[in-house]
Amino acid sequence: MSELTTNKTINSSRRAFMATSGKLGAALITTSLGAGAFAKTKLKHSTSITELSASVLSKAIKSRQVSCVEVMQAYLARIEKYNPIYNAIVSLRNSDELLAQAKTADAALAKGEYHGWMHGMPHAVKDLSDVSGIVTTSGSPILKSNLAKADTIFVERLRKQGAIFIGKTNVPEFGLGSQSYNSVFGVTRNAYNPALCAGGSSGGAASALALQLLPVADGSDMMGSLRNPAAYNNVIGFRPSQGRVPYKDKNGFYQQLGYEGSMGRNVEDTRLLLETMAGYDARVPLSLRDSLASSRPANLSEFKVGWMGDYNGHLEMEPGILDMCTSALSGLNGEGLVVEDCIPNYDFNRLWQTWLTLRHWTIAGGAKGLYDNPKFRALMKPEAVWEIEGGLDITGLEVYKAGIARTDWYNSLSTLFSKYDFLALPSAQVFAFDADLHWPKKINQKSMESYHHWMEVVVGGTLTGCPVINLPVGFDAKGRAMGIQVMAPMGEDAKLLDFAAAYEAKTDYLSIRPSLS
């Protein structure tokens, strides 16, 4: 262990740690931990622990260049300073308990016991998933005292890799909507401008990640919840192929809209977390048995992208979004990336109605028990009531027809995938908006018919079951981040991540971090 570690007392307070600023010398990191990933990490002399990528931090912990206590202190200090402003992390656990767990993790390392790549790393789980001993509120006052008795499947896997669970990340009520506000914890704010929203439903996760309150973050995605907040906060959000990450649901054969996935400040970290979360589980009948292929260096010249844009004018887009996305792609022409305009042969109004039917039906099935209790119904936000009531009279035949429509949509994209490696379109139809606004009522002059109509752009990716990643495309003149969705054929998660890594290597959008005082 370095003098940096041994000269610090293991029980120093986090306020004392703030005073010493938690800085690491670049020479210490790069010399002691070797080349490889570190060779690409341009660390300044004043690089702090929270600035390190998750993969670099993991290696630093394993080689005992930094202690788990130091890491925990650094993250808790940053949370203490910035979370009151941005409200990304909720249900934060007692700092003394967390530091004691970090101390135990250090003691294990001292004995040669290494639990995995997340050994001693702080992690907060999206507040829709259970972590034993922490409340799962789902952003609802109905569930504000809902103490989880067991871990959900992917949390079990993170715990086995040594993660220390510090709390939860904020969500909209029941995860409904791409704006992370609720009556239990309030609104989560954009990492680049706290006056703006963070997106959702993985808004707390994306904001916390961009603010360096977490090394990596898990999320979930039913209607762009890993894509929209990632775009708004300039991070990576990956929605995997259907069944890639097993989720134990009461309706294990029919709940096929929402999946769990990973988020990171770079592609490598996103992939590392996904590899931990993914994999077959006998409790989940439709979970995939194959594993992710190993990452490989890829050149953009290997790939051909079909640009779907706004579906030939069907989707309303705030001015500037399409230009930013097409500019980001055309800027890679010199790297050999081939991009061509394309359009699916499909009725997009049929696609939207298919979405409404399946979403209403799924949400009503899961939440009707709460809705049936008048006391609980009174505590639900209007959008949740609207979703449930929209599903009460849906017939089995309507669901069957929606399944046919969904299959037709999948096949229309399969036709395009015979020509293109990937398909792309913007990650959102509007830029991040006022954090006090529940949802945009209009895009340009077109009224939005529901609280989620302004996110119609993500529906196509969801209904295919294919893997989709948000990649950054930069910032507009007002400093608002935007992203692009890139979709691969079903099961080709590894190929999509390889492309994303090549994209990251030839762009510098992710290097622009929030400017915080």
Side-chain angles (χ1 to χ4, degrees), residues 14 50 72 75-99 101 121-149 151-152 154-155 158-159 163-191 194 196-221 225-226 228-230 232-233 235 237 260 263 379-381 384 435-436 438 514 516:
R14 59 184 163 130
T50 62
M72 184 62 71
Y75 273 99
L76 289 178
R78 195 165 178 89
I79 290 168
E80 181 178 60
K81 184 174 183 179
Y82 294 114
N83 201 56
I85 301 170
Y86 295 89
N87 193 36
I89 295 179
V90 297
S91 301
L92 184 66
R93 305 185 79 174
N94 179 274
S95 60
D96 290 338
E97 295 177 3
L98 295 173
L99 289 168
Q101 290 185 54
M121 289 172 58
H123 189 85
V125 171
K126 184 176 177 179
D127 197 19
L128 298 180
S129 296
D130 286 345
V131 179
S132 179
I134 304 180
V135 292
T136 304
T137 74
S138 298
S140 168
I142 301 171
L143 303 174
K144 64 182 179 180
S145 300
N146 178 38
L147 188 68
K149 297 179 180 179
D151 294 337
T152 197
F154 83 86
V155 173
L158 269 55
R159 193 183 295 277
I164 297 176
F165 298 104
I166 65 172
K168 294 297 195 71
T169 54
N170 202 26
V171 297
E173 184 178 325
F174 297 120
L176 301 178
S178 281
Q179 219 285 51
S180 294
Y181 69 92
N182 60 64
S183 62
V184 182
F185 299 112
V187 63
T188 294
R189 298 179 179 273
N190 190 285
L196 302 179
C197 70
S201 61
S202 304
S207 181
L209 189 57
L211 292 165
Q212 298 174 17
L213 307 186
L214 295 172
V216 286
D218 64 87
S220 58
D221 188 307
S225 295
L226 277 160
N228 157 257
Y232 283 1
N233 291 277
V235 296
E260 289 160 335
M263 309 179 85
L379 294 174
M380 290 180 175
K381 69 178 183 179
D436 294 325
H438 287 182
L516 304 175

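Every residue was checked against the ring pair (Phe, Tyr, Trp, His ring centres under 6.0 Å) condition with Tyr86, not counting sequence neighbours, and none meets it. Ser201 pairs by the side chain to side chain donor-acceptor pair (under 3.5 Å) definition with Lys126, Ser225, not counting sequence neighbours. For Asn83, the side chain to side chain donor-acceptor pair (under 3.5 Å) criterion is met by no residue, not counting sequence neighbours. Scored by the side chain to side chain donor-acceptor pair (under 3.5 Å) test, Glu173 finds no partners at all (sequence neighbours excluded). Remark: Thr188 pairs with Asn170 by the side chain to side chain donor-acceptor pair (under 3.5 Å) rule, at least two apart or across chains.
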Show the atom names and distances, to 0.1 Å, of all donor-acceptor pairs under 3.5 Å that link a side chain in residues 140-148 to residues at least two apart or in another chain.
unit_1 : atom_1 : unit_2 : atom_2 : d
Ser140 : OG     : Ile142 : N      : 3.0
Asn146 : ND2    : Thr136 : O      : 2.9

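Rounding to the nearest 0.5 Å places CZ of Phe174 at 9.5 Å from NZ of Lys381.
A side-chain hydrogen bond (donor to acceptor under 3.5 Å, both in side chains) with Asp127 is found for one member of Thr169, Asn182, Thr137 and no other, namely Thr137.
Considering every non-hydrogen atom in both Gly203 and Ala198, the closest pair reads O-CB, 3.8 Å. The nearest pair of heavy atoms linking Ser202 to Gly219 is OG-CA, 3.6 Å.
Ring pair His123/Phe165 is perpendicular by interplanar angle, where above 60° counts as perpendicular and below 30° as parallel.
Between the side chain of Arg78 and the backbone N or O of Leu211, at least one donor-acceptor pair lies under 3.5 Å.
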TODO: Under the side-chain contact (heavy atoms from CB on, under 4.5 Å) rule, what do Val125 and Phe154 come out as? Steps first, then yes or no, please.
DONE: CA-CA 10 Å; Val125 171; Phe154 83 86; 3.9 Å; yes

TODO: For Ile79 and Ile166, run side-chain contact (heavy atoms from CB on, under 4.5 Å): C-alpha distance rounded to whole Å, both residues' side-chain angles, the deciding distance at 0.1 Å, then the answer.
DONE: CA-CA 11 Å; Ile79 290 168; Ile166 65 172; 3.7 Å; yes

Task: Pair Leu98-Ile164, side-chain contact (heavy atoms from CB on, under 4.5 Å): steps then yes or no - done: CA-CA 8 Å; Leu98 295 173; Ile164 297 176; 4.0 Å; yes

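Cation-pi geometry between Lys168 and Phe185 is not satisfied (NZ or CZ under 6.0 Å from the ring centre, within 45° of the ring normal).
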